[in-house]
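Written out below as structure tokens is the structure these notes cover.
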Amino acid sequence: MKKIFLTVGPSQLYPTVPGHIRQGLKDNIGSISHRSAQFSEIYKEASGAVRTLLDVPPDRHVFFFGSATEAMERILENTVEKYSYHFVNGTFSKKFYTIATQLKKQAEIYEVPLGLGFDLKKANISPTTELICITQNETTGGTDFPMEDVYKLKKLYPKAFIAMDIVSSVPYVKIDFSKVDMVFFSVQKGIGLPAGLGVAIINNAALEKAQYLLDKGLSIGSFHNFLILAEKEKKFQTHETPNVFEIYLLGKTCNDMITEGIDKIRKETEIKAKMIYDFFDKSKFRPFVSDTTVRSKTTIVIGTNGNSVPVLKYLAEKGFVVSSGYAEMKEKQIRIANFPSIKISMIKKFLKAFASME
Ligand SMILES: *Cc1c(COP(=O)(O)O)cnc(C)c1O
């Protein structure tokens with residue numbers, strides 16, 4: 001049976017992806033040199049499509065990494081001499097913090113339990129903080145970090161950089177790039193591609209900080225430091241042999257999303273999210289995040305009263321794959337993805353299948 005993957009990552013492929021994979025194979029994209037003009041065109045198309053889709057200003061850099069996790073490490077290495085600050089309410093935001101400690105940064109943490117948002121008044125950010133790390137959509141708890149709060153932070157701490165993880169909210173989240181310095185994502189969630197590529201959008205101030213740290217005699221990492229990435233980007237090249245096929249697919253898929261229309265994608269995301277929350281608000285299984293102002297529109301967590309295993313099994317028999325809860329929530333929750341690859345008709349069928357179980 002052809003299954004529908006409402007999983008929070010990897011997830012349902014964007015509908016045009018299989019066609020692009022077939023075309024890419026026909027065009028030998030898996031065999032071309034990463035030093036060829038053809039590759040530079042692929043890089044250019046992909047970074048151009050990301051820029052258009054997310055409305056990125058032209059002075060920003062678009063860098064490719066192996067994953068979003070790698071982007072966290074690179075951002076910390078290149079923009080923090082000593083002090084970073086982390087909003088933590090789940091595993092991915094915690095990971096960003098842990099990487100900072102592994103890199104021996106003095107990382108401050110403001111942690112709240114899974115499923116809760118933050119109170120900015122309680123964020124005690126010291127004036128020496130160089131980087132504020134925000135997980136815009138915490139996939140493990142199903143919470144959203146409101147963009148108004150991100151912009152407030154930039155206003156309150158203009159000297160600190162803001163880095164934002166948008167892995168599970170891209171391309172839904174609308175960003176004013178004049179108020180955010182660094183943004184990153186990987187492609188296996190909101191973009192609907194197979195896993196294996198990270199993308200970061202970085203401003204020039206961050207590059208200047210990397211240069212400053214290097215001039216000071218500090219390490220900013222090796223082949224994937226911001227300065228080398230920017231140097232290579234000028235020619236639409238990479239230092240190492242990158243995931244050429246995936247960069248190719250990224251350009252094609254983002255262009256398809258541009259054709260579909262980002263406003264339409266965002267509107268449909270909201271319609272589908274409302275369908276899902278409305279359904280579960282009336283179900284015996286309730287949305288985990290009770291504060292509606294921080295409920296994620298793209299990764300929706302539902303409490304199952306300990307019944308995740310039979311629920312997942314039942315749904316699988318009906319052709320739907322959803323995620324279990326994360327870590328210790330494995331048997332207590334399920335997580336439902338609401339990415340652009342998942343259409344309104346699929347959500348309707350899914351909710352019908354769910355209703356038939358109750
Ligand atoms: C999945 C996820 C990551 C990790 O992405 P990788 O591609 O595995 O590095 C980071 N942050 C968030 C919010 C995620 O959902």
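Atoms within each ligand, like the ligands themselves, are counted from 1 in listed order.
Rounded to the nearest 0.5 Å, atoms CZ (Arg335) and OG (Ser324) are 6.0 Å apart. Of the inter-residue distances, the one linking Glu73 atom CD with Phe96 atom CZ reads 11.0 Å to the nearest 0.5 angstrom.
Using a 4.0 Å cut-off between charged nitrogen and carboxylate oxygen, Lys152 and Glu148 do not count as a salt-bridge pair.
Under a cutoff of 6.0 Å and an axis angle of 45°, Lys105 and Tyr85 do not form a cation-pi pair.
Note: Tyr43 and Phe64 have perpendicular aromatic rings, judged against thresholds of 30 and 60 degrees for the angle between ring planes. Relative ring orientation between His239 and Phe223 is described as tilted, the plane-to-plane angle lying within the 30° to 60° band.
Near ligand 1, Ser67, Ala68, Thr69, Met72, Phe92, Thr135, Asn137, Thr139, Asp165, Val167, Ser168, Ser186, Gln188, Lys189 each place a heavy atom less than 4.0 angstrom from the ligand.
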